[in-house]
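Note that the structure is a prediction, hence the values are computed from the model and not measured. Convention: sequence-line order gives letters A, B, ...; per-chain numbering from 1.
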There are 2 protein chains.
Amino acid sequence: MLKKDYRNRLLSTATLLFAERGLNGVSIRELSKAAGVSISMISYYFGGKEALYSAILKEQFSCFDYMEQIINKDSAPLAKIRDYIRWTIKRHRDNPYLLRYYTSELTNPTKYFSTIVQPTIGNAIQMLVEIVEEGISLGEFREELNPVDTVLVMAAMANYYFLSTHATEKFINHSPDRDEELLTNYMDIFTKGIVNQQEKSN
Amino acid sequence: MLKKDYRNRLLSTATLLFAERGLNGVSIRELSKAAGVSISMISYYFGGKEALYSAILKEQFSCFDYMEQIINKDSAPLAKIRDYIRWTIKRHRDNPYLLRYYTSELTNPTKYFSTIVQPTIGNAIQMLVEIVEEGISLGEFREELNPVDTVLVMAAMANYYFLSTHATEKFINHSPDRDEELLTNYMDIFTKGIVNQQEKSN
DNA sequence: GTCTATATTGCGATAGAC
DNA sequence: GTCTATCGCAATATAGAC
């Protein structure tokens, strides 16, 4: 066995278990058994259960470091928004656990929320707000839009579909095959709204 | 002291603590101390910690029983949607804990998810889907809309604003004073979309 | 590095006094 | 109904053998 083998086994097993049941829902006894590693290795490699959790949080949120790169600076604001939503959907597919940590921290924050989660999300929102403001100043978006409210609608759409999976799988197919259609439908609603302009009656 | 006094004190204290830190984040020792009641009262009144949690869940989700009544059957579909969003915002104001239980159960489901949470949410989504389908068949909404995707955008907007409060309070004022403005902004985006029809450039 | 064994603390539940 | 005391067990962490 290589030196890092057990460390990585603990990390990946813990990522799965903490995502499913939260920090307090998993004991290091169970975790070490599931990973096939001695319980003492958790303190040895990470310094304890909470430190292991914080290592996972940092890893999970590191993908936001690349958000700036996926948005083409030369695109129109609407294309940037499409890039963001497509990237968000892909992110949830590539790492199905991130959303669990994100919403778990939003709902029941641990002491790591303010140091790891909040700054990362704050940065992302800031970038999106600037895109909306750019769209407004270019005259492409309606000038009466509240940029932050608009950004939250965007983020809400892209995340809630995955967040609500357990409660909505009876109503709609959540397979990745439908992701491009989802992107189209969401961009469609976001850009045009749902009223039929031809027969607008209110 | 009346018979129901201690029972209610346990219930309200537990509702607060479980909302903040989850079922596994609170011990019945701490809970009983916070409520000023003996620890044995939890078993006496509820049958144990998990049974107390399930009683809270049922109480929290009972407000969905009245959802049908807040939607005026004679209104146009768009007005019904406005009623739903206004009711959802009010619901989060009247009971700031419901969203915690809702997202906590979606993210880290307990054994009560399938019996209490899922049926309630399923019912609500079914009703909203029917409203969108009605709007489409009346020609008021675009016929190419996917009703479920559309409903999820609606629910996403109305819930994500509150869910993300901890991460977004630096960007926007979450005071109830702004709730009517929020409703207006969200309905505005949902109905018209964000593109400026006058200078539409894509 | 990895394990076993154990120290220590805290957990949920309940018996039994009042 | 309510409390105190306690049972049995599981929690995290770590000392010490290898």
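What separates CG of A:Asp5 from P of C:dT2 is a distance of 8 Å, to the nearest Å. Atom OH in A:Tyr53 sits about 18 Å away from atom C1' in D:dT12, given to the nearest Å. Taking atom CZ of A:Phe46 as the reference point, atom C1' of D:dT14 lies 17 Å away to the nearest angstrom. Atom CZ of A:Arg7 is separated from atom C1' of C:dT2 by 16 Å (rounded to the nearest Å). Summarising the geometry, the separation between OH on A:Tyr45 and P on D:dT14 is reported as 17 Å, rounded to the nearest angstrom. Between the P atom of C:dG12 and the CG atom of B:Leu10 lies a distance of 13 Å, rounded to the nearest Å. Atoms CG (A:Asn24) and P (C:dC11) sit 11 Å apart, rounded to a whole Å. Going from atom CD of B:Glu30 over to atom C1' of C:dT9 covers 16 Å, rounded to whole Å.
Defined by atom type and a distance below 3.5 Å, a donor-acceptor pair is present between the side-chain atoms of A:Thr168 and A:His174. Between the side chains of B:Asn95 and B:Gln60, at least one donor-acceptor pair of N or O atoms lies under 3.5 Å.
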Which atoms of nucleotides 13-18 of chain C (N or O only) lie under 3.5 Å from a protein N or O atom, and what are those distances?
residue, atom, partner, partner atom, Å
C:dA13, OP2, B:Lys49, N, 3.0

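How far CG of B:Leu106 is from CD1 of B:Ile121: 7.0 Å, rounded to the nearest 0.5 Å. For the atom pair B:Tyr161 OH and A:Leu152 CG, the distance stands at 8.5 Å (nearest 0.5 Å).
With respect to A:Thr88, the side-chain hydrogen bond (donor to acceptor under 3.5 Å, both in side chains) criterion is satisfied by exactly one of A:His92, A:Arg91, A:Arg86: A:Arg91.
Of all non-hydrogen atoms in A:Met157 and A:Tyr186, the two that sit nearest each other are O-CE1, 3.3 Å.
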